[in-house]
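Structure provided below as structure tokens; questions to follow.
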Amino acid sequence: MPDHDSTALLSRQTKRRRVDIGVKRTEGLSPNHLKKAKLMFFYTRYPSSNMLKTYFSDVKFNRCITSQLIKWFSNFREFYYIQMEKYARQAINDGVTSTEELSITRDCELYRALNMHYNKANDFEVPERFLEVAQITLREFFNAIIAGKDVDPSWKKAIYKVICKLDSEVPEIFKSPNCLQELLHE
DNA sequence: TGCTCCCCTG
DNA sequence: CAGGGGAGCA
């Protein structure tokens with residue numbers, strides 16, 4: 001390819017790049033997007049694909065990207081529910097007989113496991129509402145197991161149905177592509 | 001049919 | 001976390 005042609009091509013690409021700076025949509029999902037998604041999990045366990053699109057405006061969506069994001073939250077939930085069940089069974093083994101004895105504080109083992117998973121750097125203040133939802137989830141598992149419902153292969157479905165209604169509004173700041181810097185800097 | 005959830009793997 | 005498969009829903 002003659003030099004003047006490649007020069008012209010570069011010129012066009014440069015122009016396009018300048019134009020794109022305004023939106024600057026990334027090709028795929030970055031580690032920062034993953035980190036952001038994990039923080040969003042503190043507010044929403046079951047985000048709709050539509051919601052995700054509005055909160056990840058710097059991402060160029062397509063089928064794969066959308067399903068990947070959806071998949072992330074699915075994986076988040078798996079870890080979440082596994083921890084809940086494990087902790088609930090542990091409590092039962094430890095002799096706990098009432099849900100009143102079950103509470104989630106910021107220094108309990110379960111909280112630390114969750115925080116380590118979704119907020120490893122521990123540079124984000126986990127919202128109080130998440131602790132409430134987590135506690136409800138834990139008690140939900142506890143009661144189900146105590147009642148022997150876990151003999152039913154699909155016993156967790158009922159719990160999922162309860163938890164999916166407890167999503168909170170995700171703060172507006174999460175809609176900003178630079179929300180991580182804004183969130184973790186103060 | 002396409003999307004989403006969940007389960008199970010690796 | 002990603003892949004793959006089965007189930008449910010529109």
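To find a chain, count down the sequence lines: A is the first, B the second, and so on, and within it residues start at 1.
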N/O (side chain, A:R63) to phosphate O (OP1/OP2, B:dC3) under 4.0 Å: yes

Is there a side-chain contact between A:Q68 and the phosphate of C:dC1, meaning an N or O under 4.0 Å from OP1 or OP2? no

Basic-acidic side-chain contact under 4.0 Å: A:E125, A:R106: no

What about A:F124 and A:Y118, are their ring centers closer than 6.0 Å? no

Using atom NZ of A:K120 as one end and atom P of C:dC1 as the other, report the distance to the nearest whole Å. 9 Å

In this structure, how many angstroms lie between the C1' atom of C:dC1 and the CZ atom of A:F41, rounded? 14 Å

Rounded to the Å, how far apart are A:W72 CH2 and B:dT4 C1'? 18 Å

Does a side-chain N-to-carboxylate-O contact under 4.0 Å join A:D58 and A:K36? no

Under-4.0 Å salt bridge between A:E109 and A:R112: no

Is there any protein nitrogen or oxygen under 3.5 Å from a nitrogen or oxygen in nucleotides 5-8 of chain B, and what are the pairs?
unit_1: B:dC6; atom_1: OP1; unit_2: A:Y46; atom_2: OH; d: 3.1
unit_1: B:dC6; atom_1: OP2; unit_2: A:R77; atom_2: NE; d: 2.8
unit_1: B:dC6; atom_1: OP2; unit_2: A:R77; atom_2: NH2; d: 3.1
unit_1: B:dC7; atom_1: OP1; unit_2: A:Y160; atom_2: OH; d: 3.4
unit_1: B:dC7; atom_1: OP2; unit_2: A:Y160; atom_2: OH; d: 3.4
unit_1: B:dC7; atom_1: N4; unit_2: A:K71; atom_2: NZ; d: 3.3
unit_1: B:dC8; atom_1: N4; unit_2: A:E78; atom_2: OE2; d: 3.4

What's the separation between atom CZ in A:F141 and atom NZ in A:K149, rounded to the nearest 0.5 Å? 12.5 Å

Are OP1 or OP2 of B:dT4 and a side-chain N or O of A:S67 less than 4.0 angstrom apart? no

